[in-house]
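Working notes for the structure below.
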Amino acid sequence: MLVIGEKINSSIKGVEEAILQRNESFFHDLAKCQMLAGADYLEVNSGFRIYPEEEAEDVEWLVPLVQGATELPLCIDSPYPLVIQTALKHHKGVAIINSINGESDRYGEILPLAKQYGCGLIALTSDRGGIPSGVSGRLKIAERIANTVSNNGIPLKNLYFDPLVMPLSSDTKNGLLFLETLKEIKRLFPEAKTISGLSNISFGLPRRSLINQAFLILSIEAGLDAAILNPLDQRLMALIKSTEAILNKDPFCLKYIEAYREGRLV
């Protein structure tokens, strides 16, 4: 499973200040420790800015800095096409764009960038009406997105569908709804990939890490291909390795054994 390190995000304490101060050592260390913990991609989000021009200046500085520290590809998270375009101009390798949804407003600017740079593209199963309350509504949005993306010359293998998980604390059916949607997306669009953030499932509950861990295991079994998470959570990362080994997604348990030898199984 593809692990996208979530820590370079201005909503996390200390990151916004480090961006404002252009603190190179802060981001060098933050990028490096996520890489060493097993991240495959690193998210970059400078979303506290009011104006897209300011955020574009941030990513123009951040992207080369983070990649210089790790050489990992990045997941560029911004609502502004200008920011995404700026980041991609400075990016090395295959980036992931986060994100589009069922609304067509962003297609005209984002899809050409995804095609030009051969990017991965995260697609949320929501639209102007919000997040549908049932599986069928989310699948209709996914189908609409898949058709649009294909018609614009972007292969479905570059698409990462996010079925969107809502907190268990608001409705205990939300976990099952996510898993059912995930399975159907995998069935209907076998070429496409699936992705999720983890933390929303546990919002409002005590010992959130336990819920996140259980949710991750069930999601991998249901076909989750990628997750945006905290790779510094050693237990979470160890569970990924052990779950993939059990599900025959790690031939000869090589990744599991490698993690053990590197002291990453706790």
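Note that this is a predicted model, so its numbers are computed, not measured. All residue numbers refer to positions in the sequence shown, counting from 1.
Across all their heavy atoms, Ser78 and Val83 have their closest contact at OG-CB, 3.4 Å. Nearest approach of Gly38 to Val3, heavy atoms of both residues: O-CB, 4.3 Å. Nearest heavy-atom pair, Pro132 versus Ser126, reported as atom, atom and distance to 0.1 Å: CD-CA, 4.4 Å. Contact detail for Leu72 and Asp40: the closest heavy-atom pair is CD2-O, 3.6 Å. Counting all heavy atoms, side chain and backbone alike, Tyr80 lies closest to Ile50 at OH-O, 3.5 Å. Nearest approach of Glu221 to Leu247, heavy atoms of both residues: CA-CD1, 3.5 Å.
More than 12 non-hydrogen atoms from other residues, nucleotides or ligands lie less than 6.0 angstrom from CZ of Arg22. Atom CD of Glu54 sits in a crowded spot, with more than 12 heavy atoms from other residues, nucleotides or ligands closer than 6.0 Å. By the 6.0 Å contact criterion, CD on Glu17 is open, its count of non-hydrogen atoms from other residues, nucleotides or ligands being 12 or less. Within a 6.0 Å sphere centred on CG of Leu254, heavy atoms belonging to other residues, nucleotides or ligands number more than 12. With a 6.0 Å radius and a threshold of 12 heavy atoms from other residues, nucleotides or ligands, Tyr256 has its OH atom at or below the threshold. Other residues, nucleotides and ligands place more than 12 heavy atoms under 6.0 Å from the CG atom of Asp105.
Judged purely by atom type and a 3.5 angstrom limit, Asn200 uses its side chain to pair as donor or acceptor with the backbone of Val165. Put simply, the side chain of Glu244 never gets that close to the backbone of Lys249: no donor and acceptor are under 3.5 Å apart. Side chain of Glu184 to main chain of Leu139: no donor-acceptor pair is present (N/O by atom type, distance under 3.5 Å, no hydrogens or angles). Of the possible donor and acceptor atoms, none in the side chain of Ser169 sits under 3.5 Å from a partner among the backbone N and O of Leu205. Side chain of Gln213 to backbone of Leu239: no donor-acceptor contact under 3.5 angstrom is found. Put simply, the side chain of Arg106 never gets that close to the backbone of Asn101: no donor and acceptor are under 3.5 Å apart. When atom types are taken as modelled, the side chain of Thr125 and the backbone of Pro163 share a donor-acceptor pair closer than 3.5 angstrom. Under the 3.5 Å distance criterion, the side-chain polar atoms of Arg235 are matched with a main-chain donor or acceptor of Val266. A donor-acceptor pair under 3.5 Å is formed between the side chain of Asn9 and the backbone N or O of Ser11.
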Intermediate values then yes/no, side chain to side chain contact (heavy atoms under 4.5 Å, CB included), Leu65 and Phe26
CA-CA 11 Å; Leu65 174 62; Phe26 177 92; over 6 Å; no
Check against side chain to side chain contact (heavy atoms under 4.5 Å, CB included), Cys119 and Asn158
CA-CA 7 Å; Cys119 296; Asn158 290 359; over 6 Å; no
Is there a side chain to side chain contact (heavy atoms under 4.5 Å, CB included) between Ile19 and Phe48? Walk through the geometry before answering.
CA-CA 10 Å; Ile19 293 174; Phe48 68 95; 4.0 Å; yes
Walk me through it: do Thr148 and Ser104 pass the test side chain to side chain contact (heavy atoms under 4.5 Å, CB included)?
CA-CA 9 Å; Thr148 302; Ser104 60; over 6 Å; no
Could you go through Ser202 and Arg208, starting from their C-alpha distance and side-chain angles, then the distance that decides it, and tell me whether this counts as side chain to side chain donor-acceptor pair (under 3.5 Å)?
CA-CA 5 Å; Ser202 61; Arg208 294 182 63 181; 2.9 Å; yes
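Under a hydrophobic clustering in which Ile, Leu, Val, Met, Phe, Trp and Tyr are joined whenever their side-chain heavy atoms come within less than 4.5 Å, directly or via other members, Tyr117 and Val66 fall into the same cluster. Residues Phe161 and Leu188 fall within the same hydrophobic cluster, defined by Ile, Leu, Val, Met, Phe, Trp and Tyr side chains chained together at heavy-atom separations under 4.5 Å. Ile211 and Met237 fall within the same hydrophobic cluster, defined by Ile, Leu, Val, Met, Phe, Trp and Tyr side-chain heavy atoms under 4.5 Å apart, directly or through other members. Phe189 and Ile195 fall into different hydrophobic clusters, where Ile, Leu, Val, Met, Phe, Trp and Tyr side chains are chained together by heavy-atom contacts under 4.5 Å. A continuous path of hydrophobic side-chain contacts links Val59 to Ile12 [ILVMFWY only; heavy atoms under 4.5 Å].
Scanning for ring pair (Phe, Tyr, Trp, His ring centres under 6.0 Å) contacts around Phe178 gives Phe215, with sequence neighbours left out. Remark: Asp225 engages Lys186 in a salt bridge (Lys or Arg N to Asp or Glu O under 4.0 Å) (not counting sequence neighbours).
Using a 4.5 Å heavy-atom threshold, the side chains of Met1 and Leu216 count as touching. Proximity of Met35 to Leu42: side-chain heavy atoms (C-beta onward) are nowhere separated by under 4.5 Å. Residues Leu164 and Leu124 form a side-chain contact, since some pair of their non-hydrogen atoms from C-beta on lies under 4.5 Å apart. Here the side chains of Ile8 and Glu43 are not in contact, with every heavy-atom distance at 4.5 Å or above. Residues Ser46 and Val44 have side chains not in contact (no heavy-atom distance under 4.5 Å, counting atoms from C-beta outward). Looking at heavy atoms from C-beta onward, Thr86 lies in side-chain contact with His90 at the 4.5 angstrom threshold. Contact check for Leu224 versus Thr194: side-chain heavy atoms found under the 4.5 Å cut-off. A 4.5 Å side-chain heavy-atom check between Leu198 and Leu236 finds at least one atom pair inside the cut-off.
Atom CD of residue Gln85 and atom CD of residue Gln116 lie 7.5 Å apart, to the nearest 0.5 angstrom. Taken to the nearest 0.5 Å, the CD atom of Glu6 stands 8.5 Å off from the CD1 atom of Ile228. The OG atom of Ser242 sits 6.5 Å away from atom CD1 of Ile217, with the distance rounded to the nearest 0.5 Å. Expressed to the nearest 0.5 Å, how far CD1 of Ile201 lies from OG of Ser219 amounts to 8.0 Å. Rounded to the nearest 0.5 angstrom, Arg128 CZ and Ile141 CD1 are separated by 12.0 Å. Separating the NZ atom in Lys241 from the CD1 atom in Ile257 is a distance of 12.5 Å, to the nearest 0.5 Å.
Remark: Glu258 does not engage Lys255 in a salt bridge, criterion side-chain N to carboxylate O under 4.0 Å.
Ring planes of Phe27 and Trp61: perpendicular class, angle over 60° (limits at 30 and 60°).
Figure legend: cation-pi geometry between Lys193 and Tyr160, with NZ or CZ positioned under 6.0 Å from the six-membered ring centre and within 45° of its axis.
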